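Worksheet: the structure to be examined is printed underneath.
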Amino acid sequence: EAQVTQNPRYLITVTGKKLTVTCSQNMNHEYMSWYRQDPGLGLRQIYYSMNVEVTDKGDVPEGYKVSRKEKRNFPLILESPSPNQTSLYFCASKSSRDRVYEQYFGPGTRLTVT
Amino acid sequence: GQQLNQSPQSMFIQEGEDVSMNCTSSSIFNTWLWYKQDPGEGPVLLIALYKAGELTSNGRLTAQFGITRKDSFLNISASIPSDVGIYFCAGQLQRSGNQFYFGTGTSLTVIP
């Protein structure tokens, strides 16, 4: 089954404690991306990656890091989480073929930083 | 960052009614996309629009790419209970590379 998986699904942590949210896709997609969803703000793109070792900032990259060492994985790293990073996070992937815009989203990770 | 203004924020309608929602931007977009998010899940693509004036249907859903390239519209005809969810517009700016911008969402409730 084609899917994007994220782990963990729920996470409660404290300010300053480094954490990583993993994302993996089994569709051999070149493009992967991270979004955060906040009430009234919709989804905002944090980082995206066009392929292995190629990453770019999205709209709200501050406080986040990513890496793309393998095609299937795109982890999101919060080096020093703060309460304003409490949010619902989605990973997504898509093919990079021309005019292919359908992103497949993971189930989401609900993060709470106290 | 780029702001996509989506309206209305929420809608409560009777089953069988038609629904209209729209999305506007201050910038010109290269593509417009409409997604639906069911509770507890990630968004799923409904319709993709590629050029100004384009009108595309997907079952009971119809979306249009505005001729100014700064807006898009989504209509749902004869709503049913499973239409409940949050609808997002999204798009890519001209020459923006591969960055996507999402609207603020329209929450739809269908009353049986």
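Note on naming: letters A, B, ... go to the chains in the order of the sequence lines (proteins, then strands), and numbering restarts at 1 for each one. We use all heavy atoms of the structure for the numbers below, so side chains are in, but hydrogens, waters and symmetry mates are not. Just so we're clear, the structure is a prediction, and the values are computed from it rather than from any experiment.
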Query raised in the report: Is a donor on one side and an acceptor on the other found under 3.5 Å between the side chain of A:Gln45 and the backbone of B:Gln99?
Result: no

Query - B:Ser10: partners by side-chain hydrogen bond (donor to acceptor under 3.5 Å, both in side chains), with sequence neighbours left out - result: none

Report task. Below 4.5 Å from any heavy atom of chain B, which atoms of A:Gln37 appear? Answer side chain, backbone, both or neither. Result -> side chain

Query - Proximal component of B:Gln6, with respect to chain A [non-hydrogen, under 4.5 Å] - result: neither

Requested in this report: Check A:Leu43 against B:Phe102 and note the closest heavy-atom contact, atom names and distance.
Outcome: O-CB, 3.2 Å

Query - Side chain / backbone / both / neither for A:Lys57 at chain B, heavy atoms under 4.5 Å - result: backbone

Report task. Decide whether A:Leu41 and B:Phe100 are clustered together by the hydrophobic rule: side chain heavy atoms of Ile, Leu, Val, Met, Phe, Trp, Tyr closer than 4.5 Å, transitively. Result -> no

Report summary line: Given A:Gly58, A:Ser33, A:Cys91, the one with more heavy-atom pairs under 4.5 angstrom with chain B than any other is A:Gly58

Query raised in the report: Do B:Met21 and B:Tyr101 share a hydrophobic cluster, counting only Ile, Leu, Val, Met, Phe, Trp and Tyr and linking them when any side-chain heavy atoms are less than 4.5 Å apart?
Result: yes

Report task. Below 4.5 Å from any heavy atom of chain B, which atoms of A:Arg44 appear? Answer side chain, backbone, both or neither. Result -> neither

Query raised in the report: Should we say atom CD1 of B:Ile67 is surrounded by more than 12 heavy atoms from elsewhere, each under 6.0 Å from it?
Result: no

Report task. Inspect the surroundings of CD1 in A:Ile12 and state if more than 12 heavy atoms from other residues, nucleotides or ligands are less than 6.0 Å away. Result -> no

Query raised in the report: Going only through I, L, V, M, F, W and Y residues with side-chain contacts under 4.5 Å, is there a path from A:Tyr31 to A:Val52?
Result: no

Query raised in the report: Is the distance between the ring centroids of B:Tyr35 and A:Phe105 less than 6.0 Å?
Result: yes

Query raised in the report: Does any heavy atom of chain B fall under 4.5 Å from the side chain of A:Tyr104, the backbone, both, or neither of them?
Result: neither

Requested in this report: Give a yes or no on this: more than 12 heavy atoms of other residues, nucleotides or ligands lie within 6.0 Å of atom CD of B:Glu15.
Outcome: yes

